[in-house]
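Structure first, commentary second.
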Amino acid sequence: MKKIFAIYDYLLIILVLTLVSLGVMFIYSSSINSEGISVTNEYFKQIVWGIIGLVIMLLIPLYDYRKTEHFSPVLYAGLIILLIYTRIAGRYVNGAKSWIGVGDLGIQPSEFGKIFYILFLAKILNETENINPFKRFLIATGVMILPMGLILIQPDMGTASVYLPIFLVMCFMAGIPIRYIMYVLSFGMATIVFAILPVWNQEIAEKPLAVISILTNSKLRIILTSAVIVITLLGYIIKRYLHGPKYIYWITYVFSILSLGLLCSIVLGKVLKDYQIMRLIIFMNPNKDPLGSGWNIIQSKVAIGAGGFVGQGYLMGTQSHYRFLPQQSTDFIFSILSEEFGFLGGLIVFSLYFAILLKILYVIRKCSNKYGVYICSGIFALLSFHFFINVGMVMGIMPITGIPLPFLSYGGSSLLTAMTCMGFLMNINYRKSELK
Amino acid sequence: MSNNIDRLNKVAKIFILLIIVSACFFIYIYKLFSMQIIQGEHYRSQSQRISSQISTISAQRGEIFDRNANLPMVINTDSFAVEVTPGEIPSDRYDTVMLKLSKYLGISKAEIDKKIPANIRRSYSSVQVKSNVSFNVISNIAENKTDLPGVSWVSKPIRNYLHTGSLSHIVGYVGDINKDEMTVLYNQGYTKNSIVGKTGIEKQYDSLLQGIPGRELSTVDVHGRIISDTPIVEPPQMGKSLVLTIDSDIQKLVEDALGNRVGASVVLKPATGEILAMVSYPYYDSNIFNSDDAAVEYNKLLNDTTKPLLNRAVQVSYPPASTFKIIMSAAMLQENAFPANKKIECKGKMSYGGRIFHCHVHEPGHGWLDLKNAMAQSCDVYYWTVGRDSLGIEKISSYAREFGFGKSAQIDLPSQVTGLVPTAEWKEKKYHEKWMGGDTMSCSIGQGYMEATPLQLANMVAMVSNEGVIYKPHLLKEVRDPASNEIIDEVKPTVLTASTIDKDVWKQIQEAMRYTVTDGTPQYPMHNKIVQIACKTGTAEVDGYKDSWHSWLVAYAPYDAPPEERVCVATVVEACNKWEWWAPYCTNIIIQGIFAHQTCEEATKELGFTYLTQNRGRQE
């Protein structure tokens with residue numbers, strides 16, 4: 001009996017439950033309209049999800065996480081099959097075919113699938129430790145690209161983007177050379193930048209830059225792309241066959257990123273409609289489209305700003321209750337919290353998150369099993385990325401991607417995913433000193 | 001050794017992650033601090049202002065046309081609604097302002113207070129205090145605007161139903177959105193001031209009719225004075241125009257032919273499923289829901305014993321009675337259960353299970369009959385025998401379902417019933433009783449537990465006319481753009497049910513239905529010189545009525561034309577009316593009117609039925 005109590009980390013449980021309770025409080029607040037009537041029962045559903053999540057969180061540490069290493073390929077395969085099925089037979093939610101299920105009981109495979117992805121990637125990184133780092137890196141990239149690509153074509157860019165930082169942090173901790181990791185990171189950034197630059201130039205920039213026309217004019221773009229590719233190939237040949245100096249390697253490195261970015265941005269530009277790109281970058285200047293895509297950001301910023309130091313008081317926020325805020329129970333939950341609890345409330349949420357992240361780093365530090373270390377790294381990336389993107393979005397310094405705030409946002413899939421992660425964290429924490 | 005380096009690396013890596021995360025947290029805290037504390041005042045004043053910055057411009061609801069699409073049947077008439085934004089009224093003047101306003105509007109102050117409870121007196125969202133306000137009252141308020149801070153008005157067009165009468169069941173009516181609807185429609189662009197369709201087409205196609213409200217963004221100071229001179233306007237988009245399959249002339253013809261008899265009649269085009277007319281008597285006036293005492297009127301309708309809110313064509317199922325003999329005959333022929341030319345003797349009665357069953361012609365009965373004559377004379381003994389000895393309930397109910405009985409006809413109306421096709425299992429479940437041979441006999445003549453709506457019976461005839469296919473009945477023909485009148489969407493015929501019955505069976509049924517007109521019981525009421533009719537009568541016994549019955553007539557015409565040119569009619573006249581066997585007369589008048597392009601009066605005269613209607617007329 002004594003042993004069972006030792007499994008759990010009570011401080012962590014308290015931190016998580018505090019966040020979930022805050023979430024329920026503000027989901028309730030978001031359901032109140034200006035007449036003081038509650039128009040949805042989302043808060044009640046969230047309580048139910050929270051209880052289910054708590055049970056899961058407490059059950060997971062009972063089962064040694066190291067045993068999951070054997071069947072993580074099955075989980076990963078299941079995820080891939082589910083994602084393909086969702087693509088074919090899923091339901092549309094907010095324009096993406098990302099849900100399966102009936103009525104309110106739908107699930108979002110891409111959401112909880114992150115856990116399977118983390119487990120499988122951890123296993124792969126653990127097993128390939130002794131092979132050629134480049135090969136190891138390629139295998140790991142494949143593990144990322146498969147689910148990420150399937151989610152991208154839903155199309156749900158927000159959820160898909162989470163798979164990248166998880167990959168980066170886990171590879172980083174697994175000792176994959178930094179230049180490989182930087183390569184993926186720069187390639188991703190280049191693709192996005194090349195895809196949004198034309199729209200940015202046209203819609204956001206105060207003074208359109210003539211330079212951008214090399215991206216919008218198809219002839220110029222083809223010339224640019226081929227030039228960059230030629231330089232890359234030349235660099236490769238010189239380095240490989242003529243044994244050129246070291247800096248040739250880095251020129252090839254940079255130009256291959258550019259050429260890949262240019263090529264992939266064409267694909268991305270095809271997948272994303274102009275208005276979707278517009279939504280991604282409107283945060284740079286929301287006043288360009290105050291009634292359309294800029295509306296959410298303007299309203300959210302006003303709500304947060306109006307909160308002041310101590311907030312307007314629970315259920316008293318004017319912005320949210322007059323329904324100026326859209327999707328306030330999911331993506332914009334932090335704006336309501338900031339409007340009603342002010343800077344103090346924001347600081348409390350920040351501290352709770354910071355404490356959880358510190359705890360994860362502590363477990364990574366203490367854990368002597370590599371598989372456990374990699375899982376914790378994935379969880380660390382998942383939580384911090386969600387947190388910074390979501391909070392940044394409502395404060396108007398990050399793009400609108402529809403990524404929820406773990407523990408606080410309304411939604412079963414997101415809450416259960418986050419609480420399952422915490423279950424794994426406690427699991428690893430309890431067995432941190434056991435090597436095998 | 002290598003383990004040591006690894007260990008060192010790990011701590012360094014953790015340290016790097018910690019630095020990155022801490023830096024991000026620091027930036028975010030600084031950003032939050034700067035937004036809430038440093039610029040807080042700016043945002044707070046903006047939030048005060050923004051509350052009154054946005055006003056919506058409501059969109060005009062789409063208009064509704066009949067199939068000829070020239071004159072609308074439903075339009076919007078100008079009217080105003082007065083709104084109050086409580087937050088804009090200085091709290092010390094609140095009561096005087098409301099008292100003044102109540103005098104202008106001619107309502108009591110208590111009524112306004114009910115709409116603006118004390119807990120929302122700080123609110124900056126407007127509350128609608130009264131709708132249906134005339135232009136005169138608005139101009140009075142406008143002149144005294146300075147005395148009435150926080151009071152505003154919006155144009156809120158009234159839904160004006162130009163064709164009252166029987167169209168009400170089809171078109172339906174609109175009303176203010178209620179709390180339940182709000183919960184369902186929340187997040188679909190509806191607001192608490194939305195007008196939504198409550199029944200009929202208005203409800204079914206509400207999202208098409210709604211249109212998209214416009215928005216006006218103007219910067220105003222705390223006193224409600226507009227600061228910027230050019231507000232950003234997003235103009236509203238009017239709802240789509242709906243063109244129905246209904247033909248107003250035929251609708252009127254059917255309405256008059258049925259007169260003030262409780263019942264229903266459906267006219268449809270079998271080749272497409274388009275409903276040309278659908279009348280259910282009694283009906284109501286959709287316009288009463290516009291008045292301020294709509295609730296009183298609604299309660300009156302609700303408590304009326306004749307149930308005028310009920311669309312009897314789709315929401316009430318009746319025993320199909322002898323019209324069911326069409327399905328019985330088709331089943332018998334398809335199954336080769338009994339030869340069509342073999343005769344059965346009707347002695348006016350037959351006994352089974354210790355009970356005597358009487359045919360509608362008592363002793364000595366119809367004599368020896370084959371299928372054709374049994375159908376024309378509607379002989380019960382013939383179908384009792386065939387149903388009990390040759391088919392059995394399982395086959396009967398399976399064929400009934402093949403004709404669309406017992407399942408939704410899927411017409412585009414928000415509410416319809418499915419009727420009932422009984423089976424032995426069903427009876428055991430419902431009544432805990434065994435299925436008896438006598439039950440099969442009752443079902444064989446469309447009595448017992450068998451029930452269907454007038455629309456389903458019209459579909460049954462359509463199946464005969466189309467020789468095996470029922471097209472999904474529908475009321476919407478086209479969706480048009482309100483400005484350009486261009487067709488955006490068109491409803492194409494889709495198959496509702498297809499049957500596997502052989503072609504020659506359909507021919508025999510069609511011949512028997514035609515023979516019923518030329519040589520059968522409804523020979524006189526169904527005689528017609530303009531067009532060849534094929535039909536089947538039905539007379540359903542109803543509990544509580546001794547000398548009167550539900551009177552049915554289902555028909556299609558012309559018999560000698562291809563299915564594309566035909567119409568199907570199903571009429572029921574309930575037993576609660578004075579007995580005059582009106583369904584056949586009514587149907588014949590409708591068919592005469594459609595094909596001779598005559599009004600009800602002209603058609604009645606042409607058919608020589610005027611003497612029947614002289615002492616009735618319409619009593620409204």
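Remember, it's a predicted structure, so these values are computed and weren't measured experimentally. Every heavy atom of this structure was used, including side-chain atoms; hydrogens, water molecules and symmetry mates were not. Chain letters run A, B, ... following the sequence lines, proteins first and then strands; every chain starts at 1.
With chain B as the partner, the residue from Ser377(A), Ser384(A), Gly342(A) showing the most heavy-atom pairs under 4.5 Å is Gly342(A). Most heavy-atom pairs under 4.5 Å with chain B, from the set Phe387(A), Phe309(A), Phe354(A), Tyr353(A): that is Phe354(A).
Both the backbone and the side chain of Ser338(A) have a heavy atom closer than 4.5 Å to some heavy atom of chain B. Interface residue Leu361(A): backbone and side-chain heavy atoms are both found under 4.5 Å from chain B. For Phe385(A), no part lies under 4.5 angstrom from a heavy atom of chain B.
The distance between the ring centers of Phe26(A) and Tyr43(A) does not fall below 6.0 angstrom.
Side-chain atoms of Ser29(A) and Glu340(A) form a donor-acceptor pair, as typed in the model, at a separation below 3.5 Å.
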Side-chain donor-acceptor pairs under 3.5 Å in residues 20-28 of chain B, sequence neighbours left out?
{"unit_1": "Ser22(B)", "atom_1": "OG", "unit_2": "Leu18(B)", "atom_2": "O", "d": "2.6"}
{"unit_1": "Tyr28(B)", "atom_1": "OH", "unit_2": "Phe388(A)", "atom_2": "O", "d": "2.6"}

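The pair Asp489(B)-Lys240(B) fails the salt-bridge criterion, with no side-chain N (NZ, NE, NH1 or NH2) lying under 4.0 Å from an Asp/Glu carboxylate O. In this structure, Arg61(B) pairs ionically with Asp206(B), as a charged nitrogen and a carboxylate oxygen lie closer than 4.0 Å.
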